[in-house]
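Structure first, commentary second.
Below, each value reflects all heavy atoms present in this structure, side chains not excepted, and no hydrogens, waters or symmetry copies. As the structure is a prediction and not an experimental result, all values here were calculated from the model.
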Amino acid sequence: THSRLIVSTGQEAVVVINGKMTGPFRPCAEGHVMNTKNLPILTDIWAKLAYSGETPYPAEVWFVQTLSAPDFGWGTISPVMVGAKYDSNGICVDLTAGVTLYGTMGFTIVDTMRFMESLVQTKPVFSRADLREVLNAKLMQLLKPSLAKMLKTTSLRDVVLSQDVIGNAIFQDFKTIAAEFGIELSSFTVEDVRLTSETSSVIADLDQKAATVAKEALERSVLVSLMWQIWRQGMRVPVRSHLQ
């Protein structure tokens, strides 16, 4: 009681007493004087505990940075495995493709209390790395269905050139999820999309087979064209001998 809480610009503070949160306390020139008016939980504590010259309860003050983070990096820890279809020159194959993605997002913590209650909870420290881990985990839940949906209309090879399409598809859904944690997502970009070496190897083998099929089809077309020209010229050449 009568302690003064100083909150700097770009921060909000939350006071935690006996596991219960009070706040947020925003920046102000004179600071916040702690008493039962702004810490109503104290009323109940004082009623139950006799003050003996020492603080009878544990208290914590959390400072949460509310400044925007415009370049918060994200990325897949392991490849996202999605079903895809290879279709070229009559070769149609269902396969499982591995895709890795990296990019950045911009956001601001707009609801400090919700952020604390949903993410921080009882952790002694919640750092930028902790937040990245949580957001990445939530993001991975969106990436797989988004890519699977996209691959229904986009060839697997074109996925690596579709950063903007993937980013726009994920942005709105991820914005809703972030809001559940008191975070307002302002931007989301996909900067790099790559197929795993295993997937690229499979595609290369299929491309080679497709090229062989295309070559054989072209040779048959040329042969048919040649036979047609011979027939038109009135030459009587046995068809079987040409085929042989």
May I have all residue pairs that pass side-chain hydrogen bond (donor to acceptor under 3.5 Å, both in side chains) and include part of residues 133-142, sequence neighbours excluded?
none

Strictly by side-chain hydrogen bond (donor to acceptor under 3.5 Å, both in side chains), give each pair with a member in residues 168-193 just once, sequence neighbours left out.
Thr104-Thr189, Thr104-Glu191, Asp192-Arg194

Quick one: does Thr76's side chain have a donor or acceptor within less than 3.5 Å of a partner on Leu101's backbone?
yes

Just by distance, do the side chain of Thr100 and the backbone of Pro79 share a donor-acceptor pair under 3.5 Å?
no

With sequence neighbours left out, write down each residue that passes side-chain contact (heavy atoms from CB on, under 4.5 Å) with [X], or none if nothing qualifies.
{"X": "Met113", "answer": "Val14, Met21, Pro24, Asp111, Glu117"}
{"X": "Ala13", "answer": "Leu5, Val7, Phe25, Val61, Phe63"}
{"X": "Thr108", "answer": "Ser68, Val110"}
{"X": "Pro145", "answer": "none"}

Please report the shortest heavy-atom distance between [X] and [Y], naming the atom on each side.
{"X": "Ala178", "Y": "Leu185", "value": "CB-CB, 4.5 Å"}
{"X": "Arg4", "Y": "Val33", "value": "NH1-CG2, 3.7 Å"}
{"X": "Pro27", "Y": "Gly10", "value": "CG-N, 4.5 Å"}
{"X": "Ile109", "Y": "Gln65", "value": "CD1-O, 3.5 Å"}

Is there a side chain to side chain contact (heavy atoms under 4.5 Å, CB included) between Ile183 and Leu131? Walk through the geometry before answering.
CA-CA 11 Å; Ile183 297 173; Leu131 182 55; 4.1 Å; yes

Decide yes or no on side chain to side chain contact (heavy atoms under 4.5 Å, CB included) for Phe188 and Ile166, but give the supporting numbers first.
CA-CA 10 Å; Phe188 185 88; Ile166 298 174; over 6 Å; no

Result for side-chain contact (heavy atoms from CB on, under 4.5 Å) between Leu147 and one of Val193, Val99, Ile170 points to Val99

Is it the case that more than 12 heavy atoms not belonging to Ile77 sit under 6.0 Å from its CD1 atom?
no

Could you list all the salt bridge (Lys or Arg N to Asp or Glu O under 4.0 Å) pairs where at least one residue sits in residues 159-171, not counting sequence neighbours?
none

Those residues at least two apart in sequence (or on a different chain) that pass ring pair (Phe, Tyr, Trp, His ring centres under 6.0 Å) with Phe72 are Phe107

Which residues pass the ring pair (Phe, Tyr, Trp, His ring centres under 6.0 Å) test with Phe171, sequence neighbours left out?
none

ILVMFWY network linking Leu195 to Tyr102, side-chain heavy atoms under 4.5 angstrom:
no

Give the cluster check for Met140 versus Met81: same hydrophobic cluster or not, with ILVMFWY residues linked at side-chain heavy-atom distances below 4.5 Å.
no

CG (Leu135) and CH2 (Trp74) are apart, to the nearest 0.5 Å, by 12.0 Å

Under the side-chain hydrogen bond (donor to acceptor under 3.5 Å, both in side chains) test, which residues partner Ser127, sequence neighbours left out?
Asp130

With sequence neighbours excluded, what pairs up with Arg114 under the side-chain hydrogen bond (donor to acceptor under 3.5 Å, both in side chains) test?
none

Run the ring-centre check on Trp62 versus Phe126 and record whether the distance is less than 6.0 Å.
no

